[in-house]
Amino acid sequence: MSNFLQSLNPAQRRAVEAKSGPVLVLAGPGSGKTRVLTHRIAYLIETLGVDPFNILAVTFTNRAARELKERLEVLLGAGRAHALAVGTFHSLCARFLRRDIVHLGRGRDFIIYDSDDQLRLIRRVLNEFKLDEKRHNPRTILARISSAKNELVSPAEFARLNRDPLDELVARCYLRYQELLREANALDFDDLLVEMTHLFSQHPELLERYQDRFTHLLVDEYQDTNRAQYTLIRQLSARQRDLFVVGDDDQSIYLFRGADVRNIRQFEQDFPEAQVILLEQNYRSTQSILDTAQAVINAGAKRPHHKRLWTENGTGSQVSLHEGYDQDEEASFVADEITRLIGTGEFPAHECAVMYRTNAQSRAIEEAFVRRGLPYQISGGTRFYERKEVKDLLAYLRLAYNPFDSVSLLRVLNWPARGIGERTEQELQRWAGELGMPLFQALRELEGGTPHAPFTARTSSALIAFTQLLDELSKSGHELPLTTLLDRITDRVAIREALKREYDPLEAEDRWNNLLELRNVATNYLNLPLEAQLSTFLEEVTLVADVDKLEQNSDKVTCITLHQAKGLEYGAVFLVGLEEGLLPHSRSSDDRDQLEEERRLLYVGMTRARRRLYLCYAFKRTSFGRANLSTPSRFLADIPRGLVKPPVRRPTAPAQSSMFSSRSVLGDRRSSPSDGLPRSSSRPRAAPPPEAISFFSGQRVRHAVFGEGLVISSKLVDGDEEVTVRFADRERRLLATFARLERIEG
DNA sequence: CTACTGATTTTTTTT
DNA sequence: AAATCAGTAG
């Protein structure tokens, strides 16, 4: 038996050496799940003699894929696992489709649309249908379409299943949206999965080929798979059934993206012969951290697989709770404390992380770090590849690859300005729609001198010049090295000059530097064969996530959203903004399942910490330029008193002494069940000061005219309380003194 | 067609 | 507080 198994504990070892067949590893946080996964692969190769070429491993991020490969190299020796297929569902599907999508009657040179492209396309659809964006939020429609796709519901099925007026509209948009995607030879994120399942179901012989090749299938973060991914797993493992999945239903935090916890909870029903292995020993955190995290997760809804985590790491320091006066003071505390931790040598900067619910929260943190000269790295926010100038240049690049990409075409039709205004743009779209042609093809008609084009001579010549530019680019697209192509575009389109024209010198320089950075990234692709450079570059640019780019040992503090933090670990973790409305987020507080997910999100955050955990909230928070008083997160109330070091009272914050009086760390403020919605009666803010809010998110209220509604948020505006309430039709903002809202109990 | 200005809106979370 | 939008003047 190979010696690399020596280091595993019995449960891990049982998982790694499990006999071929469906295996479900339920792994608590820090239980060595990644280790089990890598060792399992190593075991397959080394001990069972499986050819790496026959193994498919699906990870949740590209970063995890990279790390998996690196660990395998360490275990097996460099190059041994080279033929292994590792990646996210999306990148693997992109790779497979690049080769086999022709079986679906589509070209290999498809473009992948990101969320920004998707939004532009759906706007075009709404525009085509003469629908007002104000009345029909494009994002909402897109979200409906996306979840339909994640459940593998086609436009036709969607129309059949959903008959109410709103859904009828969505159905129409969905159908047209798909038509336009196809016309542009583009796939959106969801399509990568959907088309792959189509490929398999429509071409059994092809599926067989994949089944023959991938005799061993491993899936990480199984709790976050959606219907489409589940279907792919079922399809691929249908014959061999050597399926090895690893996950933790307590860490399921991607419901909003279509993740379906049932996939993990029903694994044993799906595969009756499945072996289930629980990993409950935690190697990451101290007992204090583990107890605190478990107090939060166990206060939630019952789960079928209840794990009891334990550790031999010792008690460690108590978890700290900190109340800041506002977000700036909260950030200052974090920055000071991290400075102290680095100063005492307890942790280097890269062992410290700040985690928050929304990207917007990073700003205050960032400012505090900048003021102190603390080095940091932020993942998320405005991403590099989403910056306007970067996307503009990428649009040209995409057009060089595939000129039918209409979203990119419209994006640069008049950038830099070339005298093609909005009017012309509309007319071009209308005309192309009438001809039933992609925009580029319509432009070619025009270039060819069709007599029926609806443009004046002047507009025509501007359009024809643009068409010639595209022709030129798409010709060079397939025959030039990537950087040469980029330079050619930049010169030909005079991008630098355009930037100088549009922005003041400093900003123009900034944006130009971003483009140089993009060119710099492109140089990494020059060693690929010429025909693969452009496609690989475009694909990776769209599929690479921010979290993939975090540096590991950079000696910088990491600032990251709770979602992205999944799978990572740090010596010291600061969770900030643990307040009602933020965690749980106000958009999640009216739905039981979503509320549970918020709880798990906190659990995920807490269990990232190895030795020190800080839970922070602010007394007052400014959002949208307005200050509101905040309430500590209801989840904090689930932590028994004694587990956590109570906050040091801040002189600036008004006394709320009643809050820390009994069983929970926040005192016994609530009588409602811990996983239920807070009830108005259970929030005795004993003697509300004249300036205090009396409505809280989650409350049900009645209004004389609008009827029943749900409080989304409440804040003080010029001494009056402004309550945002979601009524049956829409959200409304009401002034409490004026609207006379009536609270409804239960 | 572009460029300016005041008004309005924006924040979940992500491959 | 910042970004985007709508309307208008040039």
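Remember, predicted model here, so these are calculated numbers, not experimental data. Residue numbers begin at 1 in each chain, while the letters A, B, ... track the order of the sequences.
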Compare side-chain N and O positions of [X] against OP1 and OP2 of [N] and report whether any pair is under 4.0 Å apart.
X        : N      : answer
A:Thr622 : C:dA1  : no
A:Thr561 : B:dT14 : yes
A:Asn414 : B:dT2  : yes
A:Gln564 : B:dT14 : yes

Just by distance, no angles: are the side chains of [X] and [Y] close enough, under 3.5 Å, to form a donor-acceptor pair?
X        : Y        : result
A:Ser586 : A:Ser589 : no
A:Asn263 : A:Thr225 : yes
A:Arg621 : A:Ser630 : no
A:Gln251 : A:Lys33  : no

Identify which nucleotide among [options] has an atom closest to any side-chain atom of [X], counting heavy atoms from C-beta outward.
X        : options                : value
A:Thr358 : B:dT15, B:dC1, B:dT13  : B:dT13
A:Arg139 : B:dT11, B:dT15, B:dT13 : B:dT11
A:Thr424 : B:dT13, B:dT2, B:dC1   : B:dC1
A:Phe624 : B:dT10, B:dT15, B:dT13 : B:dT10
A:His90  : B:dT11, B:dT15, B:dT14 : B:dT15

If you assign A:Arg458 and A:Leu601 each to the DNA chain B nucleotide with the nearest heavy atom, which residue ends up on the more 5' nucleotide?
A:Arg458

Whichever of A:Tyr254 and A:Asn137 has its nearest DNA chain B nucleotide further upstream toward 5'
A:Asn137

Please give, in whole Å, the distance from [N] [atom2] to [X] [atom1]?
X        : N      : atom1 : atom2 : answer
A:Ile560 : B:dT13 : CD1   : P     : 13 Å
A:Arg363 : B:dT10 : CZ    : C1'   : 12 Å
A:Leu413 : B:dC1  : CG    : P     : 11 Å
A:Arg621 : C:dA1  : CZ    : C1'   : 15 Å
A:Leu255 : B:dT14 : CG    : C1'   : 14 Å
A:Glu596 : B:dT13 : CD    : C1'   : 17 Å
A:Phe189 : B:dT14 : CZ    : P     : 12 Å
A:Asn359 : C:dA1  : CG    : P     : 21 Å

Where does the angle between the aromatic ring planes of A:Phe96 and A:Phe214 fall among parallel (under 30°), tilted (30 to 60°) and perpendicular (over 60°)?
tilted

Nearest-Å distance once atom P is located in both C:dA6 and B:dT11:
15 Å

Can you tell me, in whole Å, how much space there is between the P of B:dT13 and that of C:dT4?
15 Å

Quick one: are the ring centres of A:Tyr210 and A:Phe200 less than 6.0 Å apart?
yes

Within the structure shown, what part of the strands sits under 4.0 Å from A:Leu192 by heavy-atom distance: base, sugar-phosphate, or nothing?
nothing

Within the 4.0 Å heavy-atom criterion, would you say A:Glu221 contacts the bases, only the backbone, or no part of the nucleic acid?
nothing

What do you reckon, do A:Phe256 and the base of B:dT13 stack, with centroid distance below 5.5 Å and planes below 30°?
yes

